[in-house]
2 protein chains.
Amino acid sequence: MLTEFEHYLATQANLPNEAIRKISTLAMPRILRRNEFIFRAGEICRHKIFIVNGLLRTFNTTTAGNEHILQFSPELTWTLDVESYDRQIPSYVSIAAVEPSNILLWHKSTFNTLLTEIPAFKKLAEQLISRNIYHSRQRMLTILSGTPEEKYADFIRNYPGFLSRLPLRMIAAYLGISIKTLTRIRHTQLQR
Amino acid sequence: MLTEFEHYLATQANLPNEAIRKISTLAMPRILRRNEFIFRAGEICRHKIFIVNGLLRTFNTTTAGNEHILQFSPELTWTLDVESYDRQIPSYVSIAAVEPSNILLWHKSTFNTLLTEIPAFKKLAEQLISRNIYHSRQRMLTILSGTPEEKYADFIRNYPGFLSRLPLRMIAAYLGISIKTLTRIRHTQLQR
DNA sequence: GTTAAACAAGGTCATTTGACCATCATTCTA
DNA sequence: TAGAATGATGGTCAAATGACCTTGTTTAAC
């Protein structure tokens with residue numbers, strides 16, 4: 001589990017071996033079963049999370065019980081709720097495993113130490129934030145602009161691998177459309 | 001124009017007077033007329049932009065001619081297209097003035113110098129990025145979750161002052177609903 | 001291996017939404 | 001000040017969408 005992470009780090013940033021060792025030594029490994037939560041809405045996000053393998057989802061549940069998915073996080077990516085983590089306030093989203101997953105956790109204080117001690121790691125962290133911002137923007141446009149067909153097509157294009165790993169209802173919850181609409185789209189596409 | 005900006009800086013960050021002077025000396029003031037563009041989709045975003053007064057919008061126009069608004073930027077806020085600015089690649093959005101506006105511009109190289117020379121300014125910049133991220137998240141949920149009524153209600157709650165400054169069609173373009181739907185909502189609300 | 005749960009998909013129907021068009025009011029411009 | 005442009009709203013109608021229910025299948029859990 002740690003070797004996968006170390007390999008990821010080595011390919012992503014120009015880090016001395018010693019630094020890589022240190023970062024991974026301080027990680028807390030954890031195994032998640034399907035549907036197991038890392039934290040629930042109302043709790044505070046206390047860790048940075050790296051997904052070694054598996055798939056997580058970040059979502060919000062309305063009082064009416066509807067689920068809206070903000071983000072999927074597959075293997076070799078990071079996740080957390082930024083606002084809750086930064087300010088240590090209760091989160092309004094939950095993060096849970098879609099598939100059985102292996103993850104690594106760092107406590108905020110630990111992670112901050114690493115950031116100050118290892119400049120190249122700080123740089124990597126900043127790059128990840130940037131990518132996240134670009135990505136959110138793009139997603140906002142997609143949600144705003146499209147007909148359901150276009151949203152679905154965008155999803156397939158951007159995340160071709162996810163289709164087979166996710167129940168359709170989660171894709172619908174991600175796209176902001178009803179599952180009925182989604183199956184209708186798929187139905188008409190099959191006929192072509 | 002510069003004094004307003006200097007006042008803003010003084011209240012937002014713990015900056016020595018000398019630093020404030022320096023930052024504002026390097027700003028390029030510019031006056032925008034209604035509907036005047038700062039840059040258009042396809043061009044590169046070369047500046048950080050501070051709105052002294054007025055109101056800008058960041059938007060995207062589809063090939064079908066539909067406009068989708070990502071963001072409104074009122075007085076005493078910053079704006080730019082992050083991805084285009086960071087990577088100096090063509091932007092897929094445009095930024096234009098909704099009202100006659102006074103703005104300040106800094107070239108990327110100038111701004112970077114300021115960031116490295118003035119740590120407290122760098123800190124402010126990071127705070128602004130964070131807030132932006134929180135804000136995007138929140139907006140994503142709103143767009144995903146709501147009925148048009150809820151989206152409109154959220155808009156009124158979050159930006160009470162904007163309603164009177166914006167044409168309704170822009171509010172519709174921001175919420176991702178048709179103007180017909182928006183007027184219908186307003187109509188039924190009037191009757192209650 | 002059996003039972004239970006989760007899931008995809010289809011049917012039906014009421015409601016919502018958007019496209020298109022016309023009208024009236026307001027604002028800007030020459 | 002007249003004329004043009006912009007903007008808000010309403011009418012009408014067709015299409016899209018979601019809620020609810022049922023069925024058949026796949027997947028997970030014990």
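Every chain is numbered from 1, with letters handed out A, B, ... down the list of sequences.
Considering only side-chain N and O atoms, Thr183(A) lies nowhere under 4.0 angstrom from the phosphate OP1 or OP2 of dA9(C). Contact annotation: His187(B) does not reach the phosphate of dT9(D) (side-chain N/O to OP1 or OP2, under 4.0 Å).
Rounded to a whole Å, the CG atom of Leu166(A) is 20 Å from the P atom of dT26(D). For the pair Arg165(A) CZ and dT26(D) C1', the computed distance is 19 Å after rounding to whole Å. Separating the CG atom of Asn66(B) from the C1' atom of dG18(C) is a distance of 11 Å, rounded to the nearest angstrom. Between Glu67(B) atom CD and dG7(D) atom P the separation is 10 Å, expressed in whole Å. One atom, CG of Leu168(B), and another, C1' of dT26(C), lie 13 Å apart when rounded to the nearest Å. As rounded to whole Å, 14 Å separates atom P of dG18(C) from atom CD of Glu149(A). For Arg169(B) and dA5(D), the CZ to P distance is 16 Å, given to the nearest whole Å. Regarding Arg34(B), its CZ atom lies at a distance of 10 Å from the C1' atom of dG7(D), rounded to whole Å.
Within 4.0 Å (heavy atoms only), Arg184(A) reaches at least one base atom of the nucleic acid.
The distance between the ring centers of Phe50(B) and Tyr8(B) falls below 6.0 angstrom. A ring-centre distance under 6.0 Å is not found for Tyr159(B) and Phe72(B).
For Trp106(B) (side chain) and Ile23(B) (main-chain N/O), a donor-acceptor pair under 3.5 Å exists by modelled atom type.
Of all nucleotides listed (dG18(C), dT12(C), dG7(D)), dT12(C) comes nearest to the side chain of Lys180(A).
One distance of note links CG of Leu9(A) with CG of Leu124(A); it measures 7.0 Å at 0.5 Å rounding.
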